[in-house]
Amino acid sequence: MEETKMLALATEVKSDEAKHIAEKLGAQVILRTIEGPLAELPLTDLKDVEIIMPFIHSQIGSAEIAAMPNLKLIATRSTGFDHIDLEAARERKIPVCNVPGYGETAVAEYTFALLLTLSRKVHLAQSRTKRGDYNLEGLRGFDLYGKTLGVIGAGAIGLRVIRIAAGFGMRIIVFDEIQRKRNRLLEEVLGFSFVSLDTLLQQADIVTLHAPALPATYHMINHDTLAKTKKGAYLVNTARGTLVDTPAVAWALDEGILAGVALDTFEGEEFLEREEELLNEPGAEAKLRMLVQSNMLQRRPNVIITPHVAFNSNEALLRILDTTIENIHTFLNGDLQNVAQSY
(Lines give C-alpha, C1' and ligand atoms only; values in the text may rest on other atoms or scores of the structure.)
Protein backbone atom coordinates (compact mmCIF):
# COMPACT_ATOMS: atom_id res chain seq x y z
CA MET A 1 0.00 0.00 0.00
CA GLU A 2 1.28 3.45 -0.92
CA GLU A 3 2.28 5.61 2.06
CA THR A 4 -0.04 8.56 2.62
CA LYS A 5 1.73 11.87 2.17
CA MET A 6 0.87 15.05 4.06
CA LEU A 7 0.24 18.32 2.24
CA ALA A 8 2.34 21.21 3.55
CA LEU A 9 1.93 24.84 2.52
CA ALA A 10 4.77 27.33 2.94
CA THR A 11 4.09 31.03 2.45
CA GLU A 12 6.45 33.88 1.51
CA VAL A 13 8.96 31.46 0.00
CA LYS A 14 11.48 32.23 -2.74
CA SER A 15 12.35 29.62 -5.37
CA ASP A 16 15.71 28.69 -3.85
CA GLU A 17 14.09 28.30 -0.43
CA ALA A 18 11.32 26.14 -1.89
CA LYS A 19 13.90 23.82 -3.45
CA HIS A 20 15.77 23.51 -0.14
CA ILE A 21 12.61 22.78 1.83
CA ALA A 22 11.36 20.18 -0.67
CA GLU A 23 14.69 18.33 -0.68
CA LYS A 24 14.99 18.29 3.10
CA LEU A 25 11.38 17.38 3.87
CA GLY A 26 11.62 14.23 1.80
CA ALA A 27 8.98 11.85 0.51
CA GLN A 28 6.60 12.04 3.48
CA VAL A 29 5.40 15.49 2.50
CA ILE A 30 3.94 17.09 -0.60
CA LEU A 31 5.11 20.70 -0.57
CA ARG A 32 3.17 23.63 -1.95
CA THR A 33 4.67 27.12 -1.81
CA ILE A 34 3.61 30.68 -2.59
CA GLU A 35 5.88 33.70 -2.83
CA GLY A 36 3.44 36.06 -1.13
CA PRO A 37 1.56 36.00 2.18
CA LEU A 38 -1.33 33.66 2.86
CA ALA A 39 -3.85 36.43 2.16
CA GLU A 40 -3.09 36.04 -1.55
CA LEU A 41 -4.82 32.65 -1.57
CA PRO A 42 -8.60 32.22 -1.42
CA LEU A 43 -9.65 30.44 1.75
CA THR A 44 -11.21 27.71 -0.38
CA ASP A 45 -7.72 26.75 -1.59
CA LEU A 46 -6.67 25.78 1.93
CA LYS A 47 -9.07 22.89 2.58
CA ASP A 48 -6.49 20.12 2.06
CA VAL A 49 -3.58 21.72 3.95
CA GLU A 50 -2.33 19.57 6.84
CA ILE A 51 0.86 21.45 7.76
CA ILE A 52 1.30 25.18 7.30
CA MET A 53 4.68 26.93 7.39
CA PRO A 54 3.87 30.66 7.53
CA PHE A 55 6.24 33.56 7.72
CA ILE A 56 5.74 36.86 9.56
CA HIS A 57 3.37 38.56 7.07
CA SER A 58 0.96 35.63 6.87
CA GLN A 59 -1.86 36.02 9.36
CA ILE A 60 -3.10 32.66 10.64
CA GLY A 61 -6.35 33.75 12.24
CA SER A 62 -9.52 31.94 13.17
CA ALA A 63 -10.91 32.21 9.61
CA GLU A 64 -7.75 30.73 8.09
CA ILE A 65 -7.65 27.91 10.65
CA ALA A 66 -11.34 27.18 10.05
CA ALA A 67 -10.62 26.98 6.31
CA MET A 68 -8.11 24.18 6.97
CA PRO A 69 -10.20 21.34 8.46
CA ASN A 70 -7.30 18.88 8.07
CA LEU A 71 -4.67 21.14 9.67
CA LYS A 72 -2.47 19.23 12.12
CA LEU A 73 0.57 21.49 12.65
CA ILE A 74 1.49 25.16 12.42
CA ALA A 75 5.27 25.42 11.98
CA THR A 76 6.00 29.12 11.75
CA ARG A 77 9.33 30.12 10.21
CA SER A 78 9.93 32.77 12.86
CA THR A 79 10.66 33.21 16.53
CA GLY A 80 7.62 35.42 17.16
CA PHE A 81 4.14 34.00 16.74
CA ASP A 82 1.91 37.04 17.18
CA HIS A 83 0.68 36.50 13.58
CA ILE A 84 -0.99 33.28 14.74
CA ASP A 85 -4.30 33.09 16.61
CA LEU A 86 -3.16 30.80 19.41
CA GLU A 87 -6.64 30.56 20.90
CA ALA A 88 -8.12 29.34 17.61
CA ALA A 89 -5.28 26.81 17.32
CA ARG A 90 -5.83 25.71 20.92
CA GLU A 91 -9.52 25.08 20.30
CA ARG A 92 -8.61 22.81 17.40
CA LYS A 93 -5.77 21.19 19.39
CA ILE A 94 -3.26 22.17 16.72
CA PRO A 95 0.30 22.50 18.05
CA VAL A 96 2.33 25.58 17.11
CA CYS A 97 6.10 25.33 16.70
CA ASN A 98 8.52 28.18 16.09
CA VAL A 99 12.21 28.82 15.40
CA PRO A 100 13.86 30.06 18.59
CA GLY A 101 17.29 31.58 18.48
CA TYR A 102 17.87 31.60 14.73
CA GLY A 103 18.50 35.32 14.42
CA GLU A 104 20.32 36.55 17.49
CA THR A 105 23.47 37.29 15.50
CA ALA A 106 21.71 38.70 12.43
CA VAL A 107 19.26 40.89 14.35
CA ALA A 108 21.83 42.10 16.87
CA GLU A 109 24.27 43.08 14.13
CA TYR A 110 21.50 44.84 12.20
CA THR A 111 20.56 46.72 15.38
CA PHE A 112 24.03 48.23 15.34
CA ALA A 113 23.84 48.84 11.61
CA LEU A 114 20.81 51.04 12.31
CA LEU A 115 22.38 52.62 15.38
CA LEU A 116 25.58 53.51 13.53
CA THR A 117 23.55 54.88 10.64
CA LEU A 118 21.75 57.16 13.09
CA SER A 119 24.81 58.11 15.13
CA ARG A 120 26.96 58.97 12.11
CA LYS A 121 24.11 60.09 9.79
CA VAL A 122 25.18 57.60 7.14
CA HIS A 123 21.81 57.72 5.36
CA LEU A 124 22.00 61.50 4.97
CA ALA A 125 25.65 61.45 3.87
CA GLN A 126 24.97 58.75 1.30
CA SER A 127 21.93 60.41 -0.25
CA ARG A 128 23.72 63.78 -0.33
CA THR A 129 26.81 62.30 -2.00
CA LYS A 130 24.63 60.61 -4.64
CA ARG A 131 23.44 64.10 -5.59
CA GLY A 132 27.04 65.23 -5.97
CA ASP A 133 26.89 67.33 -2.80
CA TYR A 134 30.00 66.92 -0.61
CA ASN A 135 29.13 69.58 1.96
CA LEU A 136 29.66 68.36 5.55
CA GLU A 137 27.12 70.76 7.07
CA GLY A 138 24.62 68.87 9.22
CA LEU A 139 26.50 65.56 9.05
CA ARG A 140 28.29 65.70 12.39
CA GLY A 141 27.57 62.55 14.39
CA PHE A 142 28.52 61.22 17.80
CA ASP A 143 30.64 58.40 19.25
CA LEU A 144 29.02 55.32 20.76
CA TYR A 145 31.96 54.97 23.15
CA GLY A 146 30.93 56.03 26.64
CA LYS A 147 27.25 56.36 25.81
CA THR A 148 24.60 54.58 27.86
CA LEU A 149 22.68 51.89 25.96
CA GLY A 150 19.32 50.86 27.38
CA VAL A 151 18.37 47.34 26.30
CA ILE A 152 14.73 46.34 26.78
CA GLY A 153 14.60 42.57 26.67
CA ALA A 154 17.53 40.31 27.64
CA GLY A 155 16.69 37.22 25.63
CA ALA A 156 19.06 35.70 23.07
CA ILE A 157 19.04 38.77 20.81
CA GLY A 158 19.25 41.26 23.67
CA LEU A 159 22.23 39.44 25.17
CA ARG A 160 24.01 39.48 21.80
CA VAL A 161 23.38 43.22 21.55
CA ILE A 162 24.88 43.62 25.04
CA ARG A 163 28.04 41.78 23.97
CA ILE A 164 28.45 43.99 20.89
CA ALA A 165 27.79 47.15 22.92
CA ALA A 166 30.51 46.15 25.38
CA GLY A 167 32.93 46.01 22.46
CA PHE A 168 32.05 49.62 21.63
CA GLY A 169 32.85 50.67 25.18
CA MET A 170 29.27 51.56 26.06
CA ARG A 171 27.68 51.59 29.50
CA ILE A 172 24.82 49.09 29.39
CA ILE A 173 21.62 49.03 31.43
CA VAL A 174 18.86 46.46 30.93
CA PHE A 175 15.17 46.14 31.69
CA ASP A 176 13.86 42.56 31.79
CA GLU A 177 12.07 41.50 34.95
CA ILE A 178 11.95 37.81 33.99
CA GLN A 179 15.67 37.54 33.28
CA ARG A 180 16.48 39.68 36.31
CA LYS A 181 14.78 37.15 38.60
CA ARG A 182 16.08 34.15 36.68
CA ASN A 183 19.77 34.93 36.34
CA ARG A 184 21.42 37.83 38.14
CA LEU A 185 24.82 36.27 37.34
CA LEU A 186 24.46 37.67 33.81
CA GLU A 187 25.09 41.17 35.14
CA GLU A 188 28.54 40.30 36.43
CA VAL A 189 29.56 38.11 33.49
CA LEU A 190 28.47 40.51 30.73
CA GLY A 191 29.06 43.76 32.59
CA PHE A 192 25.65 45.41 32.62
CA SER A 193 23.07 46.41 35.24
CA PHE A 194 19.43 45.43 35.52
CA VAL A 195 17.29 48.51 36.21
CA SER A 196 13.62 49.47 36.21
CA LEU A 197 12.02 50.68 32.99
CA ASP A 198 11.75 54.22 34.32
CA THR A 199 15.44 54.28 35.27
CA LEU A 200 16.43 52.94 31.86
CA LEU A 201 14.41 55.58 30.03
CA GLN A 202 15.76 58.37 32.23
CA GLN A 203 19.42 57.37 31.79
CA ALA A 204 19.81 55.80 28.35
CA ASP A 205 21.26 57.77 25.44
CA ILE A 206 19.98 55.03 23.15
CA VAL A 207 17.04 52.69 23.81
CA THR A 208 16.92 49.46 21.82
CA LEU A 209 13.95 47.09 21.90
CA HIS A 210 14.28 43.30 21.98
CA ALA A 211 11.10 42.24 23.79
CA PRO A 212 8.45 39.85 22.40
CA ALA A 213 4.99 40.94 21.29
CA LEU A 214 2.75 40.18 24.25
CA PRO A 215 -0.27 41.90 25.79
CA ALA A 216 2.07 43.19 28.50
CA THR A 217 4.45 44.76 25.96
CA TYR A 218 1.84 46.29 23.65
CA HIS A 219 2.72 49.99 23.11
CA MET A 220 5.25 49.86 25.95
CA ILE A 221 6.84 52.83 24.20
CA ASN A 222 3.99 55.31 24.41
CA HIS A 223 3.27 58.93 25.30
CA ASP A 224 3.72 58.31 29.05
CA THR A 225 6.96 56.34 28.80
CA LEU A 226 8.41 58.71 26.23
CA ALA A 227 7.65 61.63 28.55
CA LYS A 228 10.06 59.99 31.03
CA THR A 229 12.78 59.47 28.41
CA LYS A 230 16.08 61.34 28.53
CA LYS A 231 15.92 64.38 26.28
CA GLY A 232 17.86 63.82 23.07
CA ALA A 233 17.78 60.02 23.25
CA TYR A 234 17.59 57.71 20.25
CA LEU A 235 15.19 54.79 19.79
CA VAL A 236 15.87 51.59 17.81
CA ASN A 237 13.28 48.83 17.26
CA THR A 238 14.24 45.56 15.60
CA ALA A 239 11.76 43.51 17.66
CA ARG A 240 8.03 43.90 17.02
CA GLY A 241 6.07 46.87 15.69
CA THR A 242 3.38 46.63 18.36
CA LEU A 243 5.90 47.61 21.06
CA VAL A 244 5.81 51.20 19.79
CA ASP A 245 2.94 53.67 19.55
CA THR A 246 3.80 55.48 16.31
CA PRO A 247 1.92 58.76 16.98
CA ALA A 248 3.63 58.98 20.37
CA VAL A 249 7.03 58.65 18.68
CA ALA A 250 6.13 61.45 16.26
CA TRP A 251 5.16 63.60 19.25
CA ALA A 252 8.45 62.82 21.03
CA LEU A 253 10.40 63.81 17.92
CA ASP A 254 8.46 67.08 17.67
CA GLU A 255 9.17 67.82 21.33
CA GLY A 256 12.87 67.07 21.02
CA ILE A 257 12.63 64.19 23.49
CA LEU A 258 13.85 61.82 20.79
CA ALA A 259 16.70 63.00 18.59
CA GLY A 260 16.31 60.13 16.15
CA VAL A 261 14.52 56.85 15.53
CA ALA A 262 15.35 53.69 13.59
CA LEU A 263 12.54 51.19 13.05
CA ASP A 264 12.97 47.90 11.24
CA THR A 265 9.45 46.95 12.26
CA PHE A 266 6.39 49.10 12.83
CA GLU A 267 2.72 48.66 13.55
CA GLY A 268 0.72 47.91 10.41
CA GLU A 269 3.72 46.87 8.29
CA GLU A 270 1.87 43.70 7.26
CA PHE A 271 -0.54 45.82 5.22
CA LEU A 272 2.07 47.59 3.10
CA GLU A 273 1.93 45.17 0.17
CA ARG A 274 -1.85 45.10 -0.05
CA GLU A 275 -3.02 48.64 0.63
CA GLU A 276 -5.85 48.49 -1.95
CA GLU A 277 -7.28 45.29 -0.46
CA LEU A 278 -7.54 47.01 2.93
CA LEU A 279 -10.27 49.30 1.64
CA ASN A 280 -12.72 46.39 1.70
CA GLU A 281 -11.63 44.90 5.02
CA PRO A 282 -13.27 45.44 8.41
CA GLY A 283 -11.41 48.08 10.36
CA ALA A 284 -9.72 49.33 7.20
CA GLU A 285 -9.73 52.95 8.36
CA ALA A 286 -7.63 52.24 11.44
CA LYS A 287 -5.18 50.09 9.46
CA LEU A 288 -4.76 52.69 6.76
CA ARG A 289 -4.21 55.32 9.44
CA MET A 290 -1.27 53.24 10.72
CA LEU A 291 0.26 53.22 7.25
CA VAL A 292 -0.17 56.96 6.81
CA GLN A 293 1.40 57.62 10.22
CA SER A 294 4.42 55.45 9.37
CA ASN A 295 4.74 57.10 5.95
CA MET A 296 4.73 60.56 7.53
CA LEU A 297 7.32 59.43 10.07
CA GLN A 298 9.80 58.16 7.50
CA ARG A 299 9.90 61.53 5.71
CA ARG A 300 11.81 62.99 8.65
CA PRO A 301 15.60 63.18 8.18
CA ASN A 302 16.22 61.80 11.67
CA VAL A 303 14.05 58.72 11.12
CA ILE A 304 15.14 55.48 9.43
CA ILE A 305 12.54 52.87 8.50
CA THR A 306 13.50 49.55 6.91
CA PRO A 307 11.15 46.72 5.82
CA HIS A 308 11.64 44.17 8.62
CA VAL A 309 14.93 42.83 7.28
CA ALA A 310 17.03 42.47 10.43
CA PHE A 311 16.73 38.68 10.20
CA ASN A 312 17.64 38.64 6.51
CA SER A 313 21.13 37.16 6.34
CA ASN A 314 22.14 34.03 4.44
CA GLU A 315 23.07 32.23 7.63
CA ALA A 316 19.92 33.17 9.53
CA LEU A 317 17.60 32.19 6.67
CA LEU A 318 19.23 28.79 6.39
CA ARG A 319 18.83 28.26 10.15
CA ILE A 320 15.14 29.22 9.84
CA LEU A 321 14.51 26.70 7.08
CA ASP A 322 16.45 23.86 8.67
CA THR A 323 14.91 24.32 12.11
CA THR A 324 11.41 24.45 10.62
CA ILE A 325 12.11 21.26 8.68
CA GLU A 326 13.38 19.60 11.87
CA ASN A 327 10.19 20.71 13.65
CA ILE A 328 8.11 19.01 10.95
CA HIS A 329 10.21 15.82 10.94
CA THR A 330 9.89 15.60 14.72
CA PHE A 331 6.11 15.99 14.43
CA LEU A 332 5.91 13.31 11.73
CA ASN A 333 7.82 10.99 14.06
CA GLY A 334 5.20 11.48 16.77
CA ASP A 335 6.85 14.12 18.93
CA LEU A 336 7.19 17.93 19.15
CA GLN A 337 10.11 20.34 19.54
CA ASN A 338 10.43 24.12 19.75
CA VAL A 339 6.87 24.29 20.94
CA ALA A 340 5.25 27.70 21.22
CA GLN A 341 1.95 26.09 22.14
CA SER A 342 0.92 22.42 22.50
CA TYR A 343 -1.91 20.37 23.95
Side-chain angles (χ1 to χ4, degrees), residues 1-13 17-18 21-22 24-34 36-103 155-156 178 211-218 239-240 242 270 281-283 311 319-343:
M1 180 179 290
E2 185 177 349
E3 184 180 4
T4 302
K5 298 181 179 181
M6 300 190 76
L7 177 62
L9 171 64
T11 69
E12 302 168 68
V13 173
E17 296 173 324
I21 295 170
K24 294 287 186 177
L25 278 179
Q28 287 180 278
V29 176
I30 299 172
L31 178 65
R32 179 186 178 192
T33 66
I34 59 172
L38 187 64
E40 293 184 1
L41 286 180
L43 292 179
T44 52
D45 284 8
L46 305 179
K47 59 184 177 63
D48 296 323
V49 174
E50 295 169 275
I51 299 171
I52 189 160
M53 305 158 64
F55 197 46
I56 54 176
H57 296 307
S58 292
Q59 296 297 309
I60 311 297
S62 57
E64 287 77 14
I65 291 174
M68 295 182 276
N70 299 310
L71 187 63
K72 298 176 178 64
L73 175 69
I74 300 173
T76 185
R77 302 190 332 273
S78 60
T79 300
F81 39 85
D82 49 306
H83 54 299
I84 299 168
D85 188 332
L86 295 181
E87 183 58 35
R90 183 181 294 112
E91 290 176 1
R92 283 272 304 277
K93 300 188 183 305
I94 300 167
V96 178
C97 297
N98 68 339
V99 184
Y102 75 89
I178 294 175
L214 301 169
T217 61
Y218 178 75
R240 283 291 183 267
T242 55
E270 64 271 23
E281 284 191 13
F311 70 93
R319 286 193 293 271
I320 290 171
L321 296 180
D322 287 345
T323 303
T324 303
I325 292 162
E326 290 171 11
N327 289 344
I328 293 172
H329 280 155
T330 302
F331 169 76
L332 294 175
N333 290 328
D335 202 354
L336 292 171
Q337 69 172 20
N338 298 322
V339 180
Q341 179 171 265
S342 65
Y343 308 95

To the closest 0.5 Å, what do you measure between CG (L71) and CD1 (I94)? 4.0 Å
Salt bridge (charged side-chain N to carboxylate O under 4.0 Å, His left out) involving K72 - partner list, sequence neighbours excluded: E50
What is the distance from atom CD1 of I74 to atom CG of L86, rounded to the nearest 0.5 Å? 8.0 Å
Say you draw a straight line from NE2 of H83 to OG1 of T76; how long is it, rounded to the nearest 0.5 Å? 3.0 Å
Within the side chain of R77, is there an N or O that forms a donor-acceptor pair under 3.5 Å with the backbone of T11? yes
Trace of the side-chain contact (heavy atoms from CB on, under 4.5 Å) decision for I65 with I60: CA-CA 7 Å; I65 291 174; I60 311 297; 3.8 Å; yes
With side chains defined as the heavy atoms from C-beta onward, is the minimum distance between R319 and V99 less than 4.5 Å? no
Contacts of F55 meeting ring-ring contact (aromatic ring centres under 6.0 Å, His included) (sequence neighbours excluded), chain-then-number -> F311
Shortest non-hydrogen contact from L31 toward A10: CD1-CB, 4.3 Å
Taking the side chain as every heavy atom from C-beta outward, state whether N70 and L7 have any pair of such atoms under 4.5 Å apart. no
Taking side chain as C-beta onward, heavy atoms only, is E64 less than 4.5 Å from S58? no
How many angstroms lie between atom CD1 of I328 and atom CD of Q28, to the nearest 0.5 angstrom? 11.0 Å
Closest non-hydrogen contact found for T217 with P212 is OG1-O, 2.7 Å
Shortest non-hydrogen separation from D85 to S62 and the atoms involved: OD2-N, 3.7 Å
Checking the side chain of Q337 only, and the main-chain atoms of T330 only, is there a donor and an acceptor separated by less than 3.5 Å? no
Exactly one of I21, T33, L73, L9 should register a side-chain contact (heavy atoms from CB on, under 4.5 Å) with M53. Which one does? I21
Find out whether C97 and L336 are in side-chain contact, i.e. whether some heavy atom of one side chain is under 4.5 Å from a heavy atom of the other. yes
So, for A213 and R240, which heavy atoms are closest and what is the spacing to 0.1 Å? CB-CG, 3.6 Å
Could you tell me which non-hydrogen atom of P54 sits nearest to which non-hydrogen atom of A75, and how far apart they are? CD-O, 3.7 Å
Would you mind telling me which of D322, T324, T323 makes a side-chain contact (heavy atoms from CB on, under 4.5 Å) with I320? T324
Enter the distance from N98:CG to I84:CD1 here, rounded to the nearest 0.5 Å. 8.0 Å
Under 3.5 Å, side chain of H329 to main-chain N/O of K24, donor-acceptor pair present? yes
Show every donor-acceptor pair shorter than 3.5 Å between a side-chain atom in residues 41-49 and any protein atom, with sequence neighbours excluded, or say none if there are none.
none

